[in-house]
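In this text the structure is predicted, and so the values were computed from the model without any measurement. Residue numbers begin at 1 in each chain, while the letters A, B, ... track the order of the sequences.
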Amino acid sequence: MHEATGSLVGCRILLVEDEYLIVELMSEWLSRAGAVVVGPAPNVKRAIELIEGEENALDIAVLDVNLGQGKTAYPIADRLNELGVPYLFATGDVRIIDNPAHKARPRLEKPISQGELIAAVEKLLADRPPRIC
Amino acid sequence: MKRQQVLADFGEFALRSNDLDKILLEACRLVAHALTTKRAKILEIQQQGEILFVRAGVGWEPDIVGRLRMPVEEHSSETFAIAAGRPVISQDINKENRFKIPPFMHEAGVVALVNAPIFLPGGRTYGLLQVDDTEPRDFGDDEIQFLRTYATILGPVIDRLLIARTLRSTEEQYRHTVDSALDYAIFLSDPQDRITHWLAGAQAVFGWTAEEAVGQPTAFIFTPEDREMNQPQREIEAASETGFAPNIRWHIRKDGRRVFIDGSTRALREPDGTLLGFLKIGQDVTERRAAEERLMESEERFRQFGEASSDLIWIRNAETLQFEYLSPAFAPIYGQSREALLDGDTIERWLDLIEPEDREHVFSMIKRVREGERITFAFRIVRPSDGEIRWIENSDFPLYDAAGRVQRVAGISKDVTDVRRNAARLEVLVAELQHRSRNLLGIIAAVAAKTLGREGAAADFQARLKALSRAQGLLSQFGSDTVELGALVRAELAAHVDAQPLKVVISGPKVHLTSGQVQNFALALHELTTNAVKYGALLNSAGKLAVSWQVNRNDKGRFLALAWIESGVDVQPETMNRRGYGRQMIERALSYALQAKTEYVLGPDGVRCLIELPIS
């Protein structure tokens, strides 16, 4: 039923999510679709380390908004904006996102199914402006 | 002839000398010489005629002359001579009983004596010229006449020197006073306002010496601005007209520094009105003025602080409990104007604003602060403006005087009605949220049971959901967002082991886990427990389990070190290779989500699991 579509082959995706059980599942889904999961990262510090340390640039990122203890993924989103890396939010949070640069991003509401995640990632890749080489 | 000579010599000496003591000594010497006695002295009347002082003398021991004071005896030759106003003679005191003679003269062997009174111009008696002899002696009329003449000459001489001395001492006192007044700049100027006298105080205040200042116009100590405005001239004009002009302004010192002088200029005039010049006296109040300015600034700062604060700031006198300060925030908070409260200010007037049930408590708090306590407390007021009941929180504290007594009671008050309302609302919301999430877990468990049945994987799912639900329950039970580790461990074991068996030992200090830590930690404990029930220490009576923990510290901070140690377990070979979901949960989830370090070993007699978890 969940066979690898191969639609994401070679695609490098940063995954930020503090819940181990959820991150495990999402990693599995993305890997099966052929993606290379960068991370995953449970917090801002680790995510930024991964972003700055990447030799091969990221293609996209999937960010959980609420990272626990009052921390959010917005600083990561800011950095990705600077780098021009597209991303989407996967969140159970209903809180308002103030920053218009964040508000415009696609948003998946938890609980997320495998189909929803893969479709959203594929769309993000398709809408991506062509890279300047 | 000899006596004539003596009078002439004395007259000459007295004219030449201005030293009273030397003149009196010479008078004694000459009179003793003229009368061929060895002793003569002058007694001065002191203390309104109570005392006779041996002012000068010859032939007497040094401990008597200039030292001895004797009371004026009623029955004495001296008293008699002063009263009679003429010389009194005793030829041989042993042969008469008219007078007592002073003990010191008796001791000296005096038997004959003459007391001649000395009168000052105007008739006041200055004292006595006294000639003594140790032999009985008959004083001749010519000798008595000589003594009278001599005493008569002495009077004016003494008077002249006494007046001179009084004048000199007054002048000296005056000069001394003026010279030592270093805090006051005092100087004189002539009618053209050129400095003529520049005293020590002026030098101390302005820095210029008398040599430098004398001859200068007084304008030279004024500031350039004042000179520009013709201030020096205006001042002496005012002083000339009215006799006096204030001088309260900045002046310039020799070193260029400015000093603030509080002083005045007075015109000095001859009795006929001719202007002699000006007397200027001023005090350097620069320091005092600066201190006053600092104080004013500090008061202004406090006032601004109080006026700007939206919290009410107040200070009461500790004794009367009347307000010494009440910031404007009173009106919006209490719903009454400050004026209305402060008009006839008493503590009762303020207590009237407080909800009757709270009054006694509030008053007792104020009294405790007066005893030196710092207290924060809340009470209700009934706001006169709208009749609404509002909660006020007071942080009250004592203010002490220099002696350490509570002089004032002060505090900060704020309306906490909304804060309290929000806190209550939040409590309700949190309780509701916890209720909903636990309900949701229950519903999921029910749906799973209906959908998947109660066997195999579905049973494991149910058990894990229950473990999560227990952790949620503990979170809500503590009413906060932390759970005590001991409670978590006991709850998990209690869910799987019917009675608390002796073979399970749980020990460790109280450590609180945050909500973020609780969920993963609860699942890890659940996996360890179910594993122990299925294969390990809790499977049968042979096994033992020890769960212990402590808080340690390393260079990264505090961390919890928990040891789960099973023993007495008959480990089956097939379980050795099991690497199920539970172990994965422990090893990976804890390190991923909680940055924990874990060590999981299946030893020959059971599982040994060590978890090190950073805590704050």
Side-chain angles (χ1 to χ4, degrees), chain A residues 1-2 13-32 35-51 53 61-76 90-96 109-114 117, chain B residues 429-430 432-433 436-437 440-441 443-444 447-448 460-461 463-465 467-469 471-472 475 480-483 512-527 556-557 579-598 611 613-616:
Chain A
M1 182 177 163
H2 296 296
I13 301 175
L14 171 66
L15 184 52
V16 178
E17 163 65 60
D18 64 323
E19 278 298 342
Y20 174 75
L21 295 174
I22 295 170
V23 93
E24 197 189 22
L25 200 60
M26 285 168 66
S27 293
E28 201 179 305
W29 291 343
L30 292 170
S31 300
R32 277 199 211 154
V36 176
V37 173
V38 175
N43 51 44
V44 173
K45 182 168 171 277
R46 180 71 190 130
I48 297 290
E49 274 171 17
L50 288 169
I51 292 167
V62 175
L63 308 178
D64 173 27
V65 175
N66 185 346
L67 297 178
Q69 295 180 335
K71 300 278 172 55
T72 69
Y74 297 140
I76 306 168
T91 175
D93 241 311
V94 289
R95 85 177 64 183
I96 300 151
E109 303 236 334
K110 288 180 181 175
I112 303 163
S113 71
Q114 182 178 7
L117 178 65
Chain B
L429 271 179
V430 167
E432 176 63 18
L433 201 63
R436 281 188 205 168
S437 43
L440 193 59
L441 286 170
I443 291 164
I444 293 168
V447 170
D460 288 352
F461 176 64
R464 285 177 181 138
L465 270 188
L468 279 176
S469 183
Q472 287 297 326
L475 270 173
S480 69
D481 57 351
T482 65
V483 169
H512 286 269
L513 299 180
T514 65
S515 58
Q517 292 168 325
V518 165
Q519 185 177 300
N520 284 299
F521 213 85
L523 280 177
L525 277 174
H526 172 71
E527 297 310 324
K556 283 180 191 143
R579 220 185 148 79
Y581 176 76
R583 185 167 173 184
Q584 184 193 335
M585 179 70 217
I586 293 160
E587 290 184 328
R588 295 204 202 144
L590 291 184
S591 72
Y592 179 80
L594 307 180
Q595 285 76 52
K597 277 202 295 194
T598 57
I611 301 171
L613 175 70
I615 52 176
S616 52

Using 0.5 Å steps for rounding, measure from the [atom1] atom of [X] to the [atom2] atom of [Y].
X: A:L21; Y: B:Q519; atom1: CG; atom2: CD; value: 7.5 Å
X: A:E24; Y: B:R588; atom1: CD; atom2: CZ; value: 7.0 Å
X: A:Y20; Y: B:L594; atom1: OH; atom2: CG; value: 12.5 Å

Quick one: does any side-chain atom of B:Y592 pair with a main-chain N or O of A:D18 as donor and acceptor, under 3.5 Å? no
Heavy-atom contact with chain A under 4.5 Å, split by part of B:L523: side chain
My understanding is that only residues two or more places apart in sequence, or in another chain, count here; which of them pass side chain to side chain contact (heavy atoms under 4.5 Å, CB included) with B:I444? B:L440, B:F461, B:L465
